[in-house]
Amino acid sequence: MIGYKNDPQQTIPESAIKLVGIGGAGANIIDRAALDGFGGIDMLTINTDMRSLSTSVAKEKIQIGRDLTRGLGAGGDPEVGLNAARENQDELLASLKNHKIVFICVGLGGGTGSGAAPLLARLAREAGAFVVVFATMPFPFEGKRRREQAETSLNELSVLSNALITFDNQRMGELVLADKGIHDAFSAADRMIAQSIQAVTRIVSRPGIINIGLDDLMTALNTTSSRCLFGSGLASGENRSTKSLENALTSPLLDKGALLKRADTVLVHICGGDNLSLYEVELLMQSLSKHVPDNAHILFGVAVDPSMQDDVSVTLISSLPEAALHAKPEPVVQAEPKLEPVAQVVPSPAIAEPVASTPAEVTPQESTPTPDFGSITPASEESENPLDLLNQTIEGGLTETPSNDDDIVRLNAPVFEDLTSSSDEEKPEVAIAEWSTPSEKDEDKVSDSIFAPINEADLPPVKEEVSDEIELPDSSADPVDPAKPAVSPDQAELELDGGPKGKFEGEKPNLYDGEDLDIPPFLRKKK
Ligand SMILES: Nc1nc2c(ncn2[C@@H]2O[C@H](COP(=O)(O)OP(=O)(O)OP(=O)(O)O)[C@@H](O)[C@H]2O)c(=O)[nH]1
């Protein structure tokens, strides 16, 4: 049975949450959230630019740097943005008091947001709030200066906030077609951020059967120079739980789920109406297990909210260090050279690289490089039992069962490669599987003639007439074992030494018309 703890203290009433947008982008994101129906949450917009402020739909607005900018923007200078915020510091602090969570939305790269957001985060922390920052990074086309300003501010925010969720405008711009206007790209980005805020709000504000707390959120959003991986999906009707996951994985911030494969910690929050079943939760988690590493730390929460009716939502939050984001896919662990092959591999002539065709060119076994037996792929990538995920590190009171699969590795199919260093010119047209020089012990078992140079005089006469029809070998016959000489089981071995010479002993003479045909004619004539 799955046990769970229900700690009502962990949930935050919506009235204790404040959503703050700072600068032009911050105000736009707030507007988007308001239009998407952010019911009982307090909203505040802060800006130097009076014109932008006046159009904001937020109920509360604070103009900063009235004396400094006289109602204009900060002109892209973060120093001006910071000084403007300092000018109205007390007003800001008063507005942030009595809130348990403060969400700060900001577009980094400009003057007002980049300069004032770090101070705002510090004030909110001083007011006793848990601070979550949603920050966008500028498009590459906005130039180096904006990017640097954004990064400086981001570094400060990573220290001052409790959780930092970074959105790359470029990535979110991929949500819209390339020929669409910049306004559409910003709009798509704002919608994505608004949905994220909504999802995080849902996580922390709705009482859950299995709750996710702010501490879990902080764990998932490691703040030191990391990028947030975020996906949120909603679905209803048949297969709604797995469909909601599919929708969440389409988030450009998750690279269609690919980035989750590198995450250490993944926060998963499922929310549904009264009819949300445990089976649906299980199905969803099974599907998710294909997208996260086997040993990932899963912070798992489930909430039932009657207002969801037939909808099921899933939110995935994680973070990756910047370095891991740009790293190539998981390096495949190479087989240790000392590993022995599981079975003798006999390359088929059709696929093996050709090697020397004459015995003189055969490379002795000792000098051949250790063959590449392929790559070892961690079993986690092909976990065959997705249910294992449910038995792993699920927090919130679920039973923990350690995985036994940690050490499982699989050998991929062997890779055939040229085992000699012979150049292309030396290679014969016909590919021959590598063979090894027999050891001294084996020599007496195998006829010397196999390795002896062929004497033309010993060859049988070539038949004049050659049939066009090729006789195919019987495919049902036993496969040939290359280790054994090709000898038919009912064929006697010819002893080279000690046997009778001349007439075959014990055999009846081959008589015709009184003559023994086994005796050569010239001998018969003599007789
Ligand atoms: N997602 C999103 N990003 C925006 C939007 N507007 C601007 N940005 C981004 O946010 C960065 C900062 O722009 P603003 O917020 O307008 O600048 P500001 O902080 O008000 O600073 P100043 O204009 O210098 O006073 C830009 O470089 C863009 O990358 C928007 O509507 N949505």
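For ligands, and for the atoms within them, numbers begin at 1 and follow the listed sequence. Keep in mind that this is a model prediction, so the values were computed, not measured. Position 1 is the first residue of the sequence, and the numbers go up from there.
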Exercise for the section: Would you tell me whether S114 and S153 have side-chain atoms, one donor and one acceptor, within less than 3.5 Å of each other? Expected result: no

Problem - Contact partition for A189 relative to ligand 1, non-hydrogen atoms under 4.0 Å - result: side chain

Exercise for the section: Evaluate the criterion side chain to side chain donor-acceptor pair (under 3.5 Å) for residue pair Q149 and R145; output intermediate values, then yes/no. Expected result: CA-CA 6 Å; Q149 288 184 174; R145 182 175 163 180; 3.0 Å; yes

Problem - Ligand-side contact atoms (ligand 1) for residue partner A25, heavy atom cut-off under 4.0 Å - result: 3 (N), 4 (C), 5 (C), 6 (N), 7 (C), 8 (N), 10 (O), 14 (P), 15 (O), 16 (O)

Problem - Per-atom contacts of ligand 1 with E142, taking only distances under 4.0 Å to non-hydrogen atoms - result: 26 (C), 27 (O), 28 (C), 29 (O)

Fill in the blank from the handout: Checking heavy atoms under 4.0 Å, the part of V106 that sits near ligand 1 is neither

Exercise for the section: Give yes or no for whether the N/O distance cutoff of 3.5 Å, strictly under, is met between G111 and ligand 1. Expected result: yes

Problem - Distance-only N or O hit between ligand 1 and I29, under 3.5 Å - result: no

Fill in the blank from the handout: G76 heavy atoms within 4.0 Å reach ligand 1 at atoms 24 (O)

Handout entry: Proximity flag D190 to ligand 1, non-hydrogen atoms under 4.0 Å
Key = yes

Practice task
Heavy-atom contacts with P138 under 4.0 Å: which atoms of ligand 1 show up? List them by number with element.
Solution key: 29 (O)

Problem - R66 bridged to E91 by N-O distance under 4.0 Å - result: yes

Problem - Under 3.5 Å: N/O of M137 near N/O of ligand 1 - result: no

Problem - Q63 vs T48, side chain to side chain donor-acceptor pair (under 3.5 Å): CA-CA, chis, key distance, verdict - result: CA-CA 6 Å; Q63 183 192 0; T48 47; over 6 Å; no

Handout entry: N28: numbered ligand 1 atoms lying under 4.0 Å from its heavy atoms
Key = 30 (C), 31 (O)

Practice task
Tell me yes or no: between the side chains of D42 and H99, is some donor less than 3.5 Å from an acceptor?
Solution key: yes

Exercise for the section: Using atom types as modelled and distance alone, determine if a side-chain donor or acceptor of N247 lies under 3.5 Å from a backbone N or O of L234. Expected result: yes

Problem - Charged N-O contact under 4.0 Å between D311 and R240 - result: no

Exercise for the section: Return yes if some donor-acceptor pair links the side-chain N/O of S56 with the main-chain N/O of L53 below 3.5 Å, else return no. Expected result: no

Problem - NZ/NE/NH1/NH2 to OD/OE distance under 4.0 Å, K243 and E238 - result: no

Problem - Atoms in ligand 1 flagged as close to G73, the criterion being non-hydrogen separation under 4.0 Å - result: 25 (O)

Practice task
Mind telling me whether F167 and F134 have parallel, tilted or perpendicular rings, with 30° and 60° as the class edges?
Solution key: parallel

Exercise for the section: Say whether T69 and ligand 1 are in contact under the criterion: heavy-atom distance to a ligand atom below 4.0 Å. Expected result: no

Exercise for the section: Just go through G113, G75, G23 and tell me whose heavy atom is the nearest to atom 19 (O) of ligand 1. Expected result: G113

Handout entry: Centroid-centroid distance, F139 to F186, less than 6.0 Å
Key = yes

Problem - Under 3.5 Å: N/O of F139 near N/O of ligand 1 - result: no

Problem - Sub-4.0 Å atoms of ligand 1 with respect to non-hydrogen atoms of L108 - result: 11 (C)

Problem - Nitrogen or oxygen atoms of T112 and ligand 1 under 3.5 Å apart - result: yes

Problem - Side chain, backbone, both or neither: R146 near ligand 1, heavy atoms under 4.0 Å - result: side chain

